[in-house]
Amino acid sequence: MTLLIVGLIVGLLGLFVVLAYINVPMLAWFAYAALVLAIVHAPLWLWILFGLVAIIFNVPFIRQVVITAPIAKTIRLFKLLPAISETERAAIEAGTVWVDGELFSGKPNFKRILAEPYPTLSPHEQVFIDGPVEQVCRMATDWEIHQRKDFPADVWAYLRKERFFGMMIPSEYGGLGFSNTAYSAIMTKLASRSFTYTATVGVTNSLGPAKLLLRYGTNEQKQHYLPKLAMGNEMPCFALTEPTAGSDAASLQSGGTVFKGKDGELYLRLNWQKRYITLGAIATLIGLAVRLRDPDNLLGKGVDVGITCVLVPADTPGVQLSHRHDPMGVPFYNSPISGRNVVLPASQIIGGVERAGQGWTMLMQSLAAGRGISFPATCTGIAKLVSRVTSAYSVVREQFGLSIGKFEGVEEPLARIGGLTYLMDAARLYTCGAVDQGEQPAVVSAIAKYQFTELSRHIINDGMDILGGAGICRGPRNLLANIYTATPIPITVEGANIITRSLMIYGQGAIRCHGYIVNEIDALEDNNIAAFDHAFWRHVGLVLRNLTRAKVLGWTHGHGVKPPVRGETARYYQKLAWASATFAALSDLAMLTYGGRLKRHEKITGRFADMLSWMYLATATLRRFEAEGRREDDLPLVHWAMHHSLGQIQQALEGLLVNLKIPVLGGLMRATTLPWFRLNPIGVIPTDAQGHAVAQLLQSPDGRKHITKGLYVPIEAEQALGRLERAYQLSIVAMPIFKKIKTALRHGQLKITPPVGRVEAALRAGLITGAESDLATTTEQAQLDAIQVDAFTLAEYQHIGKDYIAEGITDL
């Protein structure tokens with residue numbers, strides 16, 4: 001009898017877990033409860049009570065009055081759901097939910113994720129990359145651009161001639177009409193040559209007035225401005241940031257007033273003070289965000305119209321563009337701009353007067369995709385350059401008779417550089433594919449902006465460490481110092497990373513990607529109990545499902561999930577499903593506990609953002625591996641990237657479990673999760689063996705070529721990278737010769753120990769041939785040349801850059 005009772009209890013608990021795991025509807029739960037009552041032979045009064053409760057919960061009208069309405073009142077009273085301001089709503093509603101919704105759900109559909117398009121370049125786009133992009137990179141080195149504090153005149157002319165400023169403008173307006181994938185590939189290549197290229201070209205294509213005009217402009221505005229922007233006859237900028245309005249757009253002080261002119265037409269009087277405006281000092285067309293007022297309600301939209309985007313010709317009286325900032329010494333144009341009593345026709349509002357007051361929504365919708373394209377491309381270009389430079393230097397540079405890349409201390413940062421570069425390129429392409437299919441993934445774009453800029457910072461730091469003294473001595477031979485200096489710039493602009501991580505990725509993402517939160521908030525604001533009832537009870541079911549999935553997958557280490565593929569990567573899908581379920585469960589518990597206060601707990605939201613970010617980056621890595629035909633040679637990169645990603649997820653989760661103050665359930669989650677939640681059995685980092693495999697792959701000719709595909713690599717030995725590449729290639733070819741000499745030294749066949757003279761001694765001893773001696777000598781000379789650093793006389797040092805400045809050339 002005892003065994004029977006135990007069996008029944010276990011069976012009922014098992015059935016409960018199954019029902020919760022698959023998220024059955026409410027009626028099924030009452031059927032389960034009826035089964036329990038029947039098994040325990042419940043008395044009649046309990047059956048009557050059960051029947052009443054079942055009627056209340058399963059008849060929508062009764063449930064809404066008796067249960068849902070009091071719950072809604074309680075939520076309003078205690079502010080358990082966040083209030084959404086006008087500017088927050090515009091940001092939340094911008095763009096679309098993509099695979100971020102899958103990861104947020106707790107039950108990601110990996111078949112759908114793997115079915116997402118993986119982009120490729122058209123033949124026309126590839127020709128442009130191999131032709132004009134290659135050519136413009138050849139025209140000026142990063143060192144020359146820095147010394148001039150500007151592009152040479154012929155570079156400006158070439159950029160205009162080949163329509164670099166109109167890459168995203170359709171051909172019907174004179175632009176190139178490229179895909180986002182092509183634009184990303186071009187930016188990646190340009191970034192590997194000079195950050196100034198991407199800062200200049202990027203704004204004209206992704207943030208300037210052209211993008212807003214394409215989406216919101218009137219037909220007349222498009223016909224007038226887009227051909228000029230495409231050909232570079234108009235140089236655009238967009239002015240949003242102010243001294244007192246950065247992340248908080250609601251504090252925008254720049255203003256405009258609507259008035260009627262003597263001719264009976266409507267005009268705007270604009271006053272503004274902006275800063276940090278890229279291309280501002282040389283702009284001929286300003287996209288301007290102001291808070292518009294209409295005292296006489298001439299537009300019919302009330303007195304306070306709201307944030308509005310206006311096209312301002314730079315030659316309009318009252319516009320001031322005479323100064324420029326100096327952002328870390330990087331010579332792209334970044335400027336304060338101001339306007340005093342600038343008068344323009346109201347028709348200069350982007351989209352016409354009908355779009356007055358819609359500026360913030362327009363900006364958020366445009367940025368939703370833009371952040372996911374320009375920044376990842378630029379940062380991936382930097383990562384590929386660092387990979388190319390450090391891998392060659394690690395082979396060419398010798399200490400203690402060995403290439404430094406053979407030392408484990410150097411292997412460690414090399415592995416991070418190679419593994420992260422592979423991961424970043426995967427996420428760059430994956431995101432481009434979505435945008436080219438019409439998605440505007442706002443949360444994914446925020447993830448990309450934050451993570452790519454942070455990862456490139458880690459990569460350049462590792463690169464500087466590997467190069468040592470060669471990395472800190474500036475000059476034409478130094479390929480990394482200017483990038484190192486520029487690194488804080490992308491971290492700061494278009495939403496500083498602190499804000500992006502703590503607010504945009506999760507704070508807004510939780511509302512945006514969650515299946516029911518937005519519907520609940522909207523229903524409460526509209527006092528629509530029926531709509532709230534529909535969303536709330538499904539939300540309750542989702543919470544129960546995710547809590548159950550999190551526990552089941554935690555106890556089984558994800559083995560309850562069927563992976564969509566077989567082979568060495570199958571296990572990673574199970575672990576990501578496990579992580580997603582845990583993330584979703586903790587999200588709901590945090591929102592239930594903190595309510596509207598959650599967005600003010602930025603350390604908590606930041607850790608949630610880290611979990612979501614690394615789930616996305618890991619997913620993109622797996623997608624790339626599948627899209628590229630499951631290349632066996634890439635497995636070291638995939639294993640390293642996945643273990644690193646899972647380790648970052650694990651670290652964020654442990655921080656959440658320790659710091660989330662959730663009564664009862666928080667302690668239960670900690671007790672049942674922390675002791676054995678190990679996505680990485682060995683901890684939060686890849687193994688040494690995995691790192692060794694990546695470091696060696698990065699130093700191999702085929703491996704580094706694959707990892708750095710799309711990079712600009714000069715062929716001239718007089719160029720810094722060309723010189724290093726020649727030394728690397730010679731080193732690879734001559735490696736068997738040097739190995740033969742080292743073996744002879746080790747066995748006592750040669751008595752000379754310093755590297756100098758070893759080739760000549762080996763030739764005299766008959767250990768190598770004359771041809772081998774010539775190759776080895778040429779290689780040594782190339783290696784010695786490649787590791788030299790620049791040095792200047794005092795006079796030269798004092799006059800660096802002054803010759804160009806003295807020319808008075810603006811090159812415009």
Side-chain angles (χ1 to χ4, degrees), residues 23 81-82 84 87-119 180 215 361-373 376 427 430-451 495 500-501 503-523 531 534-535 538-539 541-543 545-546 576-577 579-581 583-588 590-591 598-599 605 608-620 623:
N23 193 19
L81 285 176
I84 304 177
T87 53
E88 284 179 314
R89 182 171 289 279
I92 290 167
E93 293 178 352
T96 57
V97 176
W98 183 48
V99 298
D100 43 328
E102 294 283 356
L103 298 171
F104 219 105
S105 71
K107 190 180 179 181
N109 183 345
F110 287 114
K111 287 186 178 180
R112 178 223 165 167
I113 288 171
L114 290 179
E116 288 294 321
Y118 205 72
N180 288 279
R215 184 161 185 170
T361 299
M362 292 160 61
L363 286 170
M364 290 301 97
Q365 289 177 343
S366 296
L367 287 171
R371 285 194 186 99
I373 305 298
Y430 194 39
T431 309
C432 284
V435 179
D436 278 333
Q437 291 298 313
E439 297 285 353
Q440 297 178 53
V443 174
V444 165
S445 292
I447 289 171
K449 193 279 174 181
Y450 170 70
Q451 289 292 348
T500 303
R501 173 178 179 259
L503 175 63
M504 296 175 66
I505 295 175
Y506 184 81
Q508 294 173 356
I511 297 174
R512 177 171 191 78
C513 297
H514 196 284
Y516 301 108
I517 290 291
V518 171
N519 293 336
E520 290 169 346
I521 292 173
D522 289 344
H534 183 270
R538 282 161 179 76
H539 188 174
L542 183 68
V543 171
R545 185 202 75 179
N546 285 333
L576 282 176
S580 174
F583 168 84
L586 284 177
S587 289
D588 277 315
M591 285 187 275
L598 179 59
K599 63 182 179 182
T605 59
F608 275 122
D610 292 343
M611 284 193 73
L612 183 60
S613 294
W614 283 101
M615 284 192 289
Y616 176 70
L617 295 175
T619 300
R623 180 69 184 96

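- Residue Gly106 comes nearest to Ala584 through the heavy atom pair CA-CB, 3.6 Å, listed as atom of the first residue, atom of the second, then distance.
- The CD atom of Glu520 sits 6.0 Å away from the CG atom of Leu81 when rounded to the nearest 0.5 Å.
- The two residues Leu103 and Met615 come nearest to each other via the heavy atoms CD1-C, 3.9 Å.
- Summarising the geometry, atom CG belonging to Leu114 is positioned 9.0 Å from atom CG belonging to Asn109; distances are rounded to the nearest 0.5 Å.
- Across all non-hydrogen atoms, the minimal contact from Gly541 to Asn23 is O-OD1, 3.1 Å.
- Note that CD of Gln440 is 4.0 Å distant from CZ of Arg215, once rounded to the nearest 0.5 Å.
- Separation of atoms CZ (Arg112) and CH2 (Trp98) is listed at 8.5 Å; rounding is to 0.5 Å.
- Two residues are said to be in side-chain contact when any heavy atoms from C-beta on lie closer than 4.5 Å; Thr619 and Val99 fail this criterion.
- Relative orientation of the Phe608 and Tyr506 rings is parallel, given thresholds of 30° and 60° on the angle between their planes.
- Atom CD of Glu439 is separated from atom CD of Glu116 by 6.5 Å, given to the nearest 0.5 angstrom.
- Across Ala585 and Asn546, no two heavy atoms sit closer than the pair CB-O, 3.7 Å.
- Nearest heavy-atom pair, Leu612 versus Asp100, reported as atom, atom and distance to 0.1 Å: CD1-O, 4.5 Å.
- Considering every non-hydrogen atom in both Met611 and Ala579, the closest pair reads CE-O, 4.0 Å.
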Report the C-alpha distance between Trp614 and Phe583 in whole Å, list the side-chain angles of each, state the deciding distance to 0.1 Å, and finish with yes or no for ring pair (Phe, Tyr, Trp, His ring centres under 6.0 Å). CA-CA 12 Å; Trp614 283 101; Phe583 168 84; over 10 Å; no

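- In the model, His539 has no side-chain atom that pairs as donor or acceptor with a side-chain atom of Asn519 under 3.5 Å.
- At least one donor-acceptor pair closer than 3.5 Å links the side chain of Ser445 to the backbone N or O of Pro441.
- A distance-only check finds no donor-acceptor pair linking the side chain of Arg538 to the backbone of Gly515 [under 3.5 Å].
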So Tyr616 and Thr431, side-chain contact (heavy atoms from CB on, under 4.5 Å) or not? Walk me through it. CA-CA 10 Å; Tyr616 176 70; Thr431 309; 2.7 Å; yes

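- When side chains are defined from C-beta on, Leu576 counts as touching Phe110, because their heavy atoms get closer than 4.5 Å.
- At distances below 3.5 Å, at least one donor-acceptor pair connects side-chain atoms of Lys449 with backbone N or O atoms of Gly495.
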Check the pair Ile113, Tyr430 against side-chain contact (heavy atoms from CB on, under 4.5 Å), reporting the backbone distance first and the verdict last. CA-CA 10 Å; Ile113 288 171; Tyr430 194 39; 3.2 Å; yes

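- The main-chain N or O of Cys432 is never found under 3.5 Å from a side-chain atom of Asn180 such that the two would form a donor-acceptor pair.
- To the nearest 0.5 Å, atoms CZ (Arg545) and CG (Leu542) are separated by 5.0 Å.
- Formation of a donor-acceptor pair under 3.5 Å by the Ser105 side chain with backbone atoms of Glu102 is found in this model.
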